[in-house]
Protein chains: 2
Amino acid sequence: MAEGQKTTGSIIFAVRPIRTTLSNIRILVTDPVELIADGLRARLADIPDMKVVAYAATGKELLEHLAEAEIDLVLIEVSMPGMDGIDATREVRKRYPNVKLLAHSVLTDIEYVNSMRIEGASGYLAKSAPVQEIIHAIRVIMGGEEYLSPTVSASLDAGYKFTGKRMDGDYVGLTHREREIIRMIAEEKTNEEISALLFLSLETVKTHRKNLMTKLNVRSAAGLVKYAVDRRWI
Amino acid sequence: MAEGQKTTGSIIFAVRPIRTTLSNIRILVTDPVELIADGLRARLADIPDMKVVAYAATGKELLEHLAEAEIDLVLIEVSMPGMDGIDATREVRKRYPNVKLLAHSVLTDIEYVNSMRIEGASGYLAKSAPVQEIIHAIRVIMGGEEYLSPTVSASLDAGYKFTGKRMDGDYVGLTHREREIIRMIAEEKTNEEISALLFLSLETVKTHRKNLMTKLNVRSAAGLVKYAVDRRWI
DNA sequence: TATAAAATACCCCTTTGTGGGTATTGCGAC
DNA sequence: GTCGCAATACCCACAAAGGGGTATTTTATA
């Protein structure tokens with residue numbers, strides 16, 4: 001133990017004395033594709049201060065793992081069927097405020113970066129990021145700072161695609177009904193079909209639709225569909 | 001050599017004598033996420049008859065690799081930016097007819113399965129497939145047969161979502177102009193905006209739009225958007 | 001209990017998209 | 001040279017969506 005700490009400190013944490021208290025960063029990978037966890041585990045095999053200790057295929061599994069195991073950091077994909085990364089992050093933050101979250105996603109659009117940050121993620125990586133960057137990001141985050149991949153922060157630097165309303169979290173706060181309706185829109189249902197399926201008036205559906213577009217700051221159904229597909233709601 | 005072949009034959013290919021001629025299946029993984037190749041490489045480390053020998057991040061890189069290296073089988077994601085899996089498969093089949101292609105994709109909808117099969121893929125796996133299934137699929141395919149994951153063939157068994165016209169390859173044969181226009185639709189541009197950008201009449205844009213919907217057998221822009229997002233055209 | 005958010009519904013009007021066709025010209029392959 | 005496909009364009013009709021509001025009731029939370 002004392003020997004292990006000594007080795008760790010002298011090799012890795014020469015510039016971060018605070019880290020000598022961490023012998024190993026325990027990482028839980030949450031991604032629909034298990035090979036990603038396998039790959040990261042293999043690539044981290046030679047890195048002494050971090051290790052993939054668990055894998056979850058869904059946001060639900062993630063929460064189950066967290067209920068049982070000590071995890072320091074969750075690496076999580078945003079675009080997942082079922083409970084997606086944004087919703088899962090909100091839940092993790094609520095129940096396990098000490099667990100760090102690092103997004104690692106195919107989605108790099110600003111709305112997803114902002115969503116994850118607002119929900120509590122400490123970092124955002126594109127899925128195309130090299131492993132060296134993943135390692136660096138993990139260390140930055142475990143050191144208490146935020147890490148945004150250059151790929152991703154370029155979007156932020158380009159300015160906010162959406163209004164400040166988005167920063168208030170409105171876009172992440174789609175209601176249950178709105179989520180139902182956006183799914184149906186993305187499934188090519190007309191307003192009238194939706195109204196029949198949900199036993200609502202046509203006017204109500206139109207209103208929800210308008211609210212959706214305002215919240216997500218899109219101009220048409222096309223934007224709604226893209227959002228729903230990105231988040232794997234359909 | 002002779003010893004190697006003997007070992008291989010007695011352990012793995014007892015039921016497939018033809019395979020004794022293959023000492024090792026050389027796999028090229030094509031996926032935007034390198035960790036997937038890393039993961040598969042790690043998981044195949046103990047499998048003597050197959051090995052990940054190369055990785056390509058894009059369809060373009062895939063073709064470059066094939067120009068230089070001997071590859072037996074390409075494992076390929078469908079949903080990729082730039083040259084996607086469907087387009088890449090078409091190209092590989094044209095230039096390297098002896099290379100086997102196995103789709104390994106987040107997309108499991110029937111139109112993508114059919115697209116890949118029509119373009120020449122010998123198999124289709126969902127990204128959620130366990131490694132054992134990947135291994136099995138590779139063996140089936142290298143044995144000369146087609147392998148469809150149960151997840152995926154369930155869609156096929158449920159019947160064709162689209163008309164027989166799709167089996168003719170129409171949907172994969174979107175023209176250059178149609179692709180331009182579907183991207184713009186997915187980017188929320190109105191017909192009038194598209195017509196201005198492309199110096200066309202509004203009527204022409206509407207016509208293309210109708211053709212797109214017919215080819216892809218969708219009912220509205222929502223279907224077009226989903227298709228474009230799935231294929232990572234935007 | 002009070003308040004805010006969610007859900008529901010409506011009106012008016014305009015814009016845009018969809019469905020059903022038709023036609024001509026240009027280009028590439030055979 | 002012929003043929004088929006892609007690109008371009010058009011007409012008509014009407015369905016559907018979008019934009020700008022308004023309002024009431026229900027539900028969840030502090």
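Since the structure is predicted, the reported quantities are computational estimates derived from the model, not experimental observations. Sequence lines set the chain letters: A, B, ... in the order given, protein chains first and strands last, and positions in each chain run from 1.
- For B:Ile185 and C:dT16, the CD1 to P distance is 15 Å, given to the nearest whole Å.
- Salt bridge status for B:Glu178 with B:Lys215: present, with a side-chain N to carboxylate O gap under 4.0 Å.
- Separating the NE2 atom of B:His176 from the C1' atom of D:dT8 is a distance of 15 Å, rounded to the nearest angstrom.
- Note: CD (B:Glu180) to P (D:dA6) measures 15 Å, nearest angstrom.
- Atom CG in A:Leu174 sits about 15 Å away from atom P in C:dA5, given to the nearest Å.
- Salt-bridge formation is not detected for the pair B:Lys226/A:Glu188: no Lys NZ or Arg NE/NH1/NH2 atom is positioned less than 4.0 Å from an Asp or Glu carboxylate oxygen.
- For the pair B:Glu178 CD and D:dA6 C1', the computed distance is 8 Å after rounding to whole Å.
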For nucleotides 9-21 of chain D, 5' to 3', base contacts (B), sugar-phosphate-only contacts (S) and non-contacts (-) with protein non-hydrogen atoms under 4.0 Å give BBB-----SBBBB
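- Direction of the helix axis in the helix from C:dT1-D:dA30 to C:dC30-D:dG1 shifts by 70° between the two five-pair termini, rounded to 10°.
- We find that A:Arg183 and A:Glu187 are not joined by a salt bridge, their nearest charged nitrogen and carboxylate oxygen being 4.0 Å or further apart.
- Between B:Leu198 atom CG and D:dT8 atom P the separation is 8 Å, expressed in whole Å.
- In summary, A:Lys51 and A:Asp72 do not engage in a salt bridge, as defined by a charged side-chain N under 4.0 Å from a carboxylate O.
- The nearest whole Å value for the distance from the CZ atom in A:Arg177 to the C1' atom in D:dT25 is 15 Å.
- Checked for salt-bridge contact, B:Asp87 and B:Lys60 miss the test: no charged N lies under 4.0 Å from a carboxylate O.
- Side-chain contact between B:Thr58 and B:Thr30 is absent, with no heavy-atom pair separated by less than 4.5 Å.
- Taking only side-chain nitrogens and oxygens, B:His208 comes nearer than 4.0 Å to OP1 or OP2 of D:dT8.
- Under 4.0 Å is where a charged nitrogen must lie from a carboxylate oxygen, and between B:Arg219 and A:Glu193 at least one such pair does.
- Using bins of under 30°, 30° to 60° and over 60° for the plane-to-plane angle, the ring pair A:Tyr112/A:Tyr227 lands in the parallel bin.
- Relative ring orientation between B:His136 and B:Tyr147 is described as perpendicular, the plane-to-plane angle rising above 60° on a 0-90° scale split at 30° and 60°.
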